[in-house]
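Below: one structure, written as structure tokens.
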Amino acid sequence: MTTRVRVRFAPSPTGDLHVGGARTALFNWLFARQHGGAFILRIEDTDQARLVGQSIQGIIEGLKWLGLEWDEGPDIGGPYGPYIQSQRLALYQEHARWLVEHGHAYYCFCTPERLERVRQEQRARGEPPGYDRHCRFLPPDEVQARLERGEAAVIRFKMPLEGETTIVDLLRGAITYENRLLQDLVLLKSDGFPTYHLANVVDDHYMEISHILRAEEWIPSAPLHAQLYRAFGWEMPVLCHLPLILSPDGKGKLSKRHGATGVLEFKRLGYLPEAMINYLALLGWAYDAEREIFSREELIQLFRLEEVNPHPARFNFDKLLWMNQYYINHVLSLDEFARRCVPFLQEAGLVGPEAEEPEHPTFAYVREVVALVKDRAKLLSEVPELTRFFFTEVEEYDPELLLQRKVEPETVLQGLERALAVLQEANFTDEADLEQRLRALAEELGLKTGQLFMPIRVAITGRTVSPGLFETLRVLGRERSLERLARAREKLAAHLATRAASASD
RNA sequence: GCCCCCAUCGUCUAGAGGCCCAGGACACCACCCUUUCAAGGUGGAGAUCGCGGGUUCGAAUCCCGCUGGGGGCACCA
């Protein structure tokens, strides 16, 4: 029997899409694509108290940024909709009632206060906290009377009191629980909303989900789900619990206090979705002993769910950063890199909206400029700082930066003067020509190349770290280069004069 | 407290009984390249495969116990 693969990512809209959720979504997506199945986005908004407005939008934006497109979902619909649980309430209520009528569930009138008190007493006695099944054995006519009186009630599942429940996890095999240790959990809350357990099981069934890939933290509720499937007489999908992503120090799940955790935060910080996907795929899975750079398409082809390592992995920001730089340096084309730099350059006020147009000269210039930092940027967000002097005047800098250890200040000054003269003659479209002339000049002045090039670099860029000198001169062009050189010479001359004056005082 | 999962360099991992006195990557160190910074190249350091018992001619690999880490125990998901 081959059932069509249908998987789902089912976040609850309580905040941004975080990396843990993104990894779950990724594995679901890879699995669906690899099997020619469907990847479904379902929003589990059954807790109105924890709802965060706009977070559905944020989740969708995050998934889109990662390129994890879905086949059915709240925004695009599909044959099994609606895909937002708050729009399916009647279905859950109907099924909760069905369970009561068929002896699998019961009404519970216990107040939150009573439940809390019971739990406290249990804890005090060193017992595991949980519901004491007080209402499970209420006489039917009392239940009826209280319901008619309009008393607030929830519906709880009647967990079998004896025997055991075994679930089968794709990565871990059989996991067995003793039923007597399991709880009579709430399926339908007093506000008429279902809990996760009911809504999830009902939806997975009606949406014909074939494989449930979700985080490991759900293992303990799997026996309840298995019992629900049994009570309904439904076949249970294949279960696969994905290992958790732990904080870098390994102490607990990754959370906000460990730094960026929201997928869109990573976007803002200048990470590439390709790097993010690649890194996340490798958190818990590996292709072989050597290879670790994979395109989306390669992942779809090579990924094997059964090979996922069941032990939790720590999130390593260093490795992600390395991978991001690797993608910028070695994977992205120049055009692609330039295109992605544009929003960051705009944000920094260095280019206008025209830079977005591929045919516009501004984009052509951006392309030329960022080509010089493509092999040294780790994050897209660094690009504005790395290239600022190509778009604006050189920022004010300390004239001391022009000076070289072991080189007389007068010689540096002379070097700048001579460079100005030499470059006057140069062909600025020809890096080799620029290089040749400046190397010759260094030799003429009896300086090591660095001793001449560094002052020029500072003059041109205002800093001691920059892209290659000759390519920088080329992109900057004759006019701006010579002007900056001249200004640096004046600046240094003035500086040396003041220095001499204060020294003679 | 109870239940469950997991266990190879600091981290992510390869390893499915002999190919492993354990391979790769990040991070770290050194050297090379070099106009700065990167990138790249070469090399180094880093794991008695958590510990203890078995099984076997042989175990990182199989079994048991222990320990450690993580998860869960809501009218949250």
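We name chains A, B, ... by the order of the sequence lines, and we start the count at 1 in each one.
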Quickly work out the [X] [atom1] to [N] [atom2] distance and round it to whole Å.
| X | N | atom1 | atom2 | result |
| --- | --- | --- | --- | --- |
| A/Phe109 | B/C75 | CZ | P | 16 Å |
| A/Phe470 | B/U34 | CZ | P | 13 Å |
| A/Tyr287 | B/U13 | OH | P | 18 Å |
| A/Leu473 | B/U36 | CG | C1' | 14 Å |
| A/Phe317 | B/C26 | CZ | C1' | 14 Å |
| A/Ile212 | B/A77 | CD1 | P | 16 Å |
| A/Asn329 | B/C37 | CG | P | 17 Å |

Determine which nucleotide pairs with [N], using a 3.5 Å limit on both distances of a Watson-Crick or G-U wobble pair.
| N | answer |
| --- | --- |
| B/U36 | none |
| B/G46 | none |
| B/A27 | none |
| B/U67 | B/A7 |
| B/A16 | none |

Hey, does [X] reach any base, or is it just sugar-phosphate, or nothing, if we go heavy atoms under 4.0 Å?
| X | answer |
| --- | --- |
| A/Glu44 | sugar-phosphate |
| A/Lys448 | nothing |
| A/Val186 | sugar-phosphate |
| A/Arg314 | sugar-phosphate |
| A/Pro248 | nothing |
| A/Trp218 | base |
| A/His330 | sugar-phosphate |
| A/Lys251 | sugar-phosphate |
| A/Pro194 | sugar-phosphate |
| A/Arg123 | nothing |

Mutual orientation of the aromatic rings belonging to [X] and [Y] [parallel < 30°, tilted 30-60°, perpendicular > 60°]:
| X | Y | answer |
| --- | --- | --- |
| A/His330 | A/Tyr326 | tilted |
| A/Tyr206 | A/His95 | perpendicular |
| A/His197 | A/His225 | tilted |

Between [options], spot the one nearest the side chain of [X], thanks.
| X | options | value |
| --- | --- | --- |
| A/Glu292 | B/A25, B/C75, B/A77 | B/A25 |
| A/Pro128 | B/C2, B/G71, B/A25 | B/C2 |
| A/Ala286 | B/C75, B/A14, B/G70 | B/A14 |
| A/Ser12 | B/A27, B/U35, B/A77 | B/A77 |
| A/Pro129 | B/C73, B/C6, B/A38 | B/C73 |
| A/Val465 | B/U35, B/C37, B/A25 | B/C37 |
| A/Leu469 | B/U35, B/G71, B/C75 | B/U35 |
| A/Leu283 | B/A77, B/G23, B/C12 | B/C12 |
| A/Arg172 | B/C5, B/A77, B/A74 | B/C5 |
| A/Trp322 | B/C26, B/U35, B/U13 | B/C26 |

Does A/Phe109 have A/Arg146 sitting over its ring (NZ/CZ under 6.0 Å from centre, angle to axis within 45°)?
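Yes, A/Arg146 sits over the ring of A/Phe109.
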Any side-chain N or O of [X] below 4.0 angstrom from OP1/OP2 of [N]?
| X | N | value |
| --- | --- | --- |
| A/Lys319 | B/C28 | no |
| A/Asn309 | B/A14 | yes |
| A/Arg119 | B/C75 | yes |
| A/Lys189 | B/C76 | yes |
| A/Thr46 | B/A77 | yes |
| A/Arg439 | B/U35 | yes |
| A/His311 | B/U13 | yes |
| A/His197 | B/C76 | no |

With nearest nucleotides of RNA chain B determined for A/Leu244 and A/Glu216 from heavy-atom distances, which residue corresponds to the more 5′ nucleotide?
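Between the two, 5'-proximity favours A/Glu216.
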Position toward the 5' end of RNA chain B (nearest nucleotide), A/Gly284 or A/Asp47:
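Mapping each residue to its closest nucleotide by heavy atoms, the 5'-most match is A/Gly284.
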Mind checking the [atom1] distance from [N] to [M]? Whole angstroms is fine.
| N | M | atom1 | answer |
| --- | --- | --- | --- |
| B/G68 | B/G24 | P | 33 Å |
| B/G18 | B/U67 | C1' | 30 Å |
| B/U48 | B/U42 | C1' | 29 Å |
| B/U55 | B/C63 | C1' | 7 Å |
| B/C3 | B/C66 | P | 12 Å |

Regarding [X] and [Y], does a basic nitrogen lie under 4.0 Å from an acidic carboxylate oxygen?
| X | Y | answer |
| --- | --- | --- |
| A/Arg474 | A/Glu435 | no |
| A/Glu113 | A/Arg117 | no |
| A/Arg50 | A/Asp47 | yes |

Ring-ring centroid check A/Tyr106 A/Phe137, cutoff 6.0 Å
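No, they do not, as the ring centres are separated by 6.0 Å or more.
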Decide yes or no, distance alone: a donor-acceptor N/O pair under 3.5 angstrom between the base of [N] and the side-chain of [X].
| X | N | value |
| --- | --- | --- |
| A/Ser190 | B/C75 | yes |
| A/Arg457 | B/U35 | yes |
| A/Arg376 | B/C37 | yes |

Working for side-chain contact (heavy atoms from CB on, under 4.5 Å), residues A/Ile175 and A/Thr166
CA-CA 5 Å; A/Ile175 302 173; A/Thr166 296; over 6 Å; no
Take A/Phe193 and A/Leu188 through the test side-chain contact (heavy atoms from CB on, under 4.5 Å) and record every step on the way to the result.
CA-CA 6 Å; A/Phe193 276 70; A/Leu188 197 73; over 6 Å; no
